[in-house]
Amino acid sequence: MNERGIKTESGLALYHPLVSFGYFVAVIAGTLLFIHPFFSYISLACAIVFSAFVNGKKTLLATLGFGVPMFAFIALGNPLFNHRGATILFYLGDNPVTMEAFIYGLVSAGMMFAAVVWFTCYNTVVTSDKFLYVFGRFLPSVALIVSMTLSLIPRLMDKVKVISDSQRTLGLDWKNGTVKDRIKAGARILSILVSWALEDAVMTADSMRARGYGQHRRSSFSVFRFSRRDGVMLTVITLFFAAEIFAYATGRGTMTFYPTVVPPNIGTAEILLYGAFFALGILPTAIQIKEDRKWKKLK
């Protein structure tokens with residue numbers, strides 16, 4: 001149960017791992033392929049709404065706390081370092097700040113912000129066992145390494161907190177004291193963390209060796225079964241993804257920023273394309289709402 005009082009394993013997470021993984025490939029690819037205001041901000045809005053459902057308010061606020069400064073840095077940094085464009089707003093020293101660079105920065109910042117939020121949703125929905133299931137048969141070693149690496153990051157963050165709390169009880173808080181004392185305390189925490197990580201890696205390697213990993217062909221068991229519902233959903237996602245690739249290959253959904261900004265086309269094809277991308281982005285939220293209502297009714 002999460003903070004909203006519903007099952008955490010619901011919505012898109014209940015589908016086959018291939019479906020959920022394919023969805024995030026499609027939506028993140030569409031977000032990064034099209035440097036376009038409609039795509040960037042449609043994707044950002046859909047990602048924030050979906051994150052509120054699957055990650056909860058606390059995690060979403062933490063993501064926004066990281067993403068908003070990143071957004072501001074990219075949006076304001078681009079016109080300061082990129083001086084292309086014909087419409088000069090003002091001069092900063094001898095360097096011109098152009099409207100084109102500012103607009104491009106806003107679009108790029110929205111695109112990167114959306115990608116970050118989607119990746120947080122991916123980490124919640126596509127767990128390590130699902131990732132291993134998708135790639136384990138084709139690239140077992142690569143899948144194992146990637147899965148272990150992704151799981152190591154939150155473990156390291158938790159370990160840093162444990163070490164920091166332990167050091168604080170000994171009067172060695174890295175947040176207090178002179179700059180020299182704080183550097184020493186931080187270095188001590190880093191040294192303990194590295195020692196723990198190396199020891200854990202050795203223990204993991206010994207455990208895998210003792211279990212006979214890599215000595216013969218590995219058998220596997222999975223609880224995942226590909227159903228008719230999964231086939232329908234995967235077909236829908238594939239059609240959306242194919243539409244994205246076709247649009248990108250034919251020059252649809254593009255926007256010119258330099259030397260002057262050319263407003264995006266709003267023709268029938270573009271409206272259909274924007275609508276299709278919005279439908280793709282809002283799809284997991286619609287599934288989540290449906291599952292939530294079903295769950296509440298069963299309760």
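Start at 1 with the first residue, then count along the sequence. A quick note: this is a predicted structure, and the numbers were derived from the prediction, not measured.
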Any donor-acceptor N/O pair, S43 side chain to S40 backbone, under 3.5 Å: no

Criterion side-chain hydrogen bond (donor to acceptor under 3.5 Å, both in side chains) on Y41 and H36, from CA distance to verdict: CA-CA 9 Å; Y41 287 95; H36 189 287; over 6 Å; no

Euclidean distance, I35 CD1 relative to M111 CE, rounded to 0.5 Å: 5.0 Å

T120 vs N123, side-chain hydrogen bond (donor to acceptor under 3.5 Å, both in side chains): CA-CA, chis, key distance, verdict: CA-CA 5 Å; T120 63; N123 288 332; over 6 Å; no

Single-linkage hydrophobic cluster V25~V126, side-chain heavy atoms < 4.5 angstrom: yes

From CA spacing to verdict: side-chain contact (heavy atoms from CB on, under 4.5 Å), S227, D230: CA-CA 5 Å; S227 64; D230 296 319; 3.0 Å; yes

Same apolar cluster (I L V M F W Y, side chains within < 4.5 Å links), Y122/M70: yes

From CA spacing to verdict: side-chain contact (heavy atoms from CB on, under 4.5 Å), F119, I28: CA-CA 8 Å; F119 272 114; I28 293 175; 4.0 Å; yes

Close side-chain approach of F53 and I289, heavy atoms under 4.5 Å: yes

Test log, rule side-chain contact (heavy atoms from CB on, under 4.5 Å), inputs L12 and Q288: CA-CA 7 Å; L12 188 63; Q288 190 75 38; 5.8 Å; no

Any F24 side-chain heavy atom under 4.5 Å of C121 side chain: yes

Check: L273 and F38 side chains under 4.5 Å, non-hydrogen atoms: no

Test side chain to side chain donor-acceptor pair (under 3.5 Å) applied to Y104 - qualifying residues, sequence neighbours left out: none

Euclidean distance, Y258 OH relative to T98 OG1, rounded to 0.5 Å: 6.0 Å

Close side-chain approach of L283 to M233, heavy-atom, < 4.5 Å: yes

Shortest non-hydrogen separation from P79 to A101 and the atoms involved: CA-CB, 3.8 Å

Gap between atom CG of L60 and atom NZ of K57 - 0.5 Å precision: 10.0 Å

Any donor-acceptor N/O pair, D165 side chain to V162 backbone, under 3.5 Å: no

Result of checking I282, V125, N55, I287 against F50 for side-chain contact (heavy atoms from CB on, under 4.5 Å): V125

Atom CZ of F90: over 12 foreign heavy atoms under 6.0 Å: yes

Geometric class of the F113/F71 ring pair [parallel <30°, tilted 30-60°, perpendicular >60°]: tilted

Under 3.5 Å: donor-acceptor pair, side chain of K130, backbone of A13: yes

Hphob cluster co-occupancy, V68 + L44, side-chain heavy atoms under 4.5 angstrom: yes

Backbone N/O of A47 and side chain of S51: donor-acceptor pair under 3.5 Å: no

F21 atom CZ: more than 12 heavy-atom contacts under 6.0 Å: yes

Donor-acceptor contact present, side-chain T250 to main-chain A247, <3.5 Å: yes

Shared hydrophobic cluster, F246 / L239 (ILVMFWY, side-chain heavy atoms < 4.5 Å): no

Heavy-atom side-chain contact between L14 and R229 under 4.5 Å: yes

Same cluster (ILVMFWY, side-chain, under 4.5 Å), L234 and V232: no

From CA spacing to verdict: side-chain contact (heavy atoms from CB on, under 4.5 Å), L280, F241: CA-CA 9 Å; L280 175 65; F241 186 59; over 6 Å; no

Closest heavy-atom pair and its distance - I237, A26: CG2-CB, 4.0 Å

Parallel, tilted or perpendicular, as decided by the 30° and 60° cut-offs, for the rings of H16 and F226: perpendicular

OG1-CH2 distance between T63 and W118, expressed to the nearest 0.5 angstrom: 13.0 Å

Contact check, side chains of V27 and F240, non-hydrogen atoms, under 4.5 Å: no

Centroid-centroid under 6.0 Å between Y23 and Y15 rings: no

Over 12 foreign heavy atoms within 6.0 Å of CZ, F278: no

Euclidean distance, F73 CZ relative to M112 CE, rounded to 0.5 Å: 12.0 Å

Y248 and F34 aromatic ring geometry - parallel, tilted or perpendicular at 30°/60° bounds: perpendicular

